[in-house]
Amino acid sequence: MAWALFISDMNDKKTDHFDALIIGVGQAGKPLALALSEKGWKTALVERNYVGGSCINYGCTPTKSLIASAQVAHQARRSAEYGITTGAVQVDYPAVKQRKDKIVEQFREGIQKSVDKAEHLTLIRGEARFGGPNQINIALNDGGNQTLTADHIFIDTGTSPRVPEINGLDTVPWLTSTSLMELEEMPEHLLILGGGYIGLEFGQMFSRFGSKVTLIERGDQLLSREDKDVAGELADILMAEGIDIRLNTEVSHIGRNESGLVELSITSGNDSRTVTGSHLLLAIGTTPNTGALQLDAAGIKTDKHGYVEVNEKLETSQPGVYALGDVKGGPAFTHISYDDFRIIKQNLLGSGQASITGRPVPYTVFTDPQLGRIGLSEKEAQEQGLNVKVATMPMAWVARAIETSQTNGLMKVVVDAQTGQLLGAAILGMEGGELMAMLQIAMMGQVPYQQLRDAIFSHPTLAESLNTLFGQLD
Ligand SMILES: Cc1cc2nc3c(=O)[nH]c(=O)nc-3n(C[C@H](O)[C@H](O)[C@H](O)COP(=O)(O)OP(=O)(O)OC[C@H]3O[C@@H](n4cnc5c(N)ncnc54)[C@H](O)[C@@H]3O)c2cc1C
């Protein structure tokens with residue numbers, strides 16, 4: 001016993017003090033570490049897994065790489081529509097995965113290199129937990145422990161996929177977005193719980209690779225926060241591709257049938273039935289990575305779901321401790337996490353009084369077609385009692401879309417009826433994210449819709465469709 005204690009003491013490193021300590025090398029943690037250390041702050045970065053966090057390793061980068069392969073398969077199958085003959089399209093899934101892995105590694109290595117070469121910056125591999133308001137204890141990945149103290153502590157620990165409590169779930173080998181992307185073979189029939197953006201991106205991707213896909217959503221539409229006409233249009237597009245979408249559907253029990261397949265007992269209204277599939281993906285949201293942090297030891301408050309509570313300057317209830325990115329609760333996007341970094345940087349290194357209040361939250365759902373979103377939806381404008389004008393236009397009216405045979409989707413804009421200012425947009429169409437960004441820039445510059453209606457854009461671009469779209473408002 002005494003010998004064991006001696007060994008463990010030998011593995012424990014002495015306490016060290018830092019100006020700044022960042023927990024999690026996520027989308028905010030890495031740039032913040034580089035910015036602070038560049039200014040000469042003695043900075044420690046603690047990471048229990050891969051550098052780069054979820055976006056690089058199991059979020060944006062791998063999904064968008066896989067989606068690109070799925071799109072090629074889809075377009076190759078449509079080649080005859082363009083007058084091109086290709087022969088039978090085959091998906092070499094191990095090669096698809098290899099391509100994705102290579103891109104992820106390339107991004108991850110880039111981050112590792114930038115951290116390695118930074119002066120005043122120490123990367124510590126291990127899991128951090130609070131030992132006191134300015135003290136962190138780290139269970140090192142290589143064994144042993146290390147205690148650090150710091151003047152400023154930043155929590156950037158992100159979230160993990162949420163696992164629901166459903167009767168029988170523990171009897172089947174369910175997947176999350178992370179483990180699904182590690183499969184070496186394609187699922188034959190993928191069952192997806194959840195009609196949010198992650199469920200939709202994976203559903204369409206695997207359907208295009210050749211899996212059968214059934215998507216179960218308990219609400220009455222996909223993408224619950226979007227307008228019904230926009231979500232309905234996307235549902236129609238996905239169903240036309242062969243995805244079986246079940247709305248208003250609850251899963252009451254999960255088990256296996258006699259062939260070993262995953263079996264879901266589902267209920268929709270008075271109708272109860274079972275659906276079976278080879279694999280089950282849980283895509284019903286996320287839960288904050290705060291469990292391991294022992295936030296109580298530092299008096300840091302969380303909300304009822306465990307997200308760290310912050311004010312508009314990202315300060316927690318404990319002076320000197322900040323929370324950035326997904327761990328503070330939505331909006332959970334990489335660009336928001338990165339903007340959190342900019343706010344902290346401006347407030348600590350600049351003279352600024354930066355705040356998260358009122359910042360725009362654009363986002364893109366990377367289905368095909370994409371859904372680019374900025375500002376208010378029509379539903380949100382109505383809830384706020386605003387006097388608005390709304391224009392909607394099918395992508396089938398857009399010359400560029402017709403020429404490229406990508407006419408799926410619609411464009412929708414919400415405009416202040418008095419001032420003509422753009423309040424929000426939903427672009428469900430080819431390159432919807434890019435077109436949405438143009439409208440975001442117009443909003444930033446407070447360009448009234450009449451100027452976009454009358455602007456000269458080059459022909460035939462997607463941009464010129466804004467003339468027709470805003471022309472609907474007259
Ligand atoms: C499948 C999927 C697709 C996505 N696609 C998009 C997209 O297209 N666009 C977009 O904007 N966003 C997307 N996201 C969301 C995006 O990944 C996140 O919003 C973003 O990564 C959040 O960054 P973050 O700074 O909060 O921390 P993360 O990037 O989540 O990093 C947190 C880090 O903290 C580490 N950590 C946690 N606890 C501890 C601890 N106790 N000690 C030490 N280290 C710890 C974790 O290992 C992790 O590396 C996607 C997410 C998923 C899951």
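Predicted model, so just to flag it, every value in this text is computed and none were measured. Order of listing sets the numbers, starting from 1, for every ligand and every atom in it.
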- prompt: More than 12 foreign heavy atoms under 6.0 Å from NZ of K64: is that the case here?
  reply: yes

R108 atom CZ: more than 12 heavy-atom contacts under 6.0 Å: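 It does: R108 CZ has more than 12 such atoms within range.
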
field: Distance-only N or O hit between ligand 1 and S177, under 3.5 Å
entry: no

- prompt: Just distances here: any N/O of D326 and N/O of ligand 1 closer than 3.5 Å?
  reply: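 Between D326 and ligand 1 (N or O atoms, distance only) the closest approach is under 3.5 Å.
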
- request: Could you find the nearest protein heavy atom to atom 2 (C) of ligand 1 and give me its residue, atom name and distance?
  value: G59 CA, 3.4 Å

At under 4.0 Å between heavy atoms, is it the side chain or the backbone of [X] that contacts ligand 1, or both, or neither?
X	result
K64	side chain
D156	both
S54	both
I23	side chain
Y197	side chain

- line: Residues passing the ring-ring contact (aromatic ring centres under 6.0 Å, His included) test with W174, sequence neighbours excluded, are none

field: Partner set under ring-ring contact (aromatic ring centres under 6.0 Å, His included) for F18, not counting sequence neighbours
entry: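 In terms of ring-ring contact (aromatic ring centres under 6.0 Å, His included), with neighbours along the sequence ignored, F18 is linked to no residue.
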
query: Which of these passes side chain to side chain donor-acceptor pair (under 3.5 Å) with K42: D16, D19, T122?
result: D16

- prompt: Of I67, T334, V25, which has the heavy atom at the shortest distance from atom 20 (C) of ligand 1?
  reply: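 Minimum heavy-atom distance to atom 20 (C) of ligand 1 goes to T334.
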
message: Please state which option from E47, H335, R48 has its nearest heavy atom closest to atom 35 (C) of ligand 1.
response: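 Looking at heavy atoms only, E47 sits closest to atom 35 (C) of ligand 1.
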
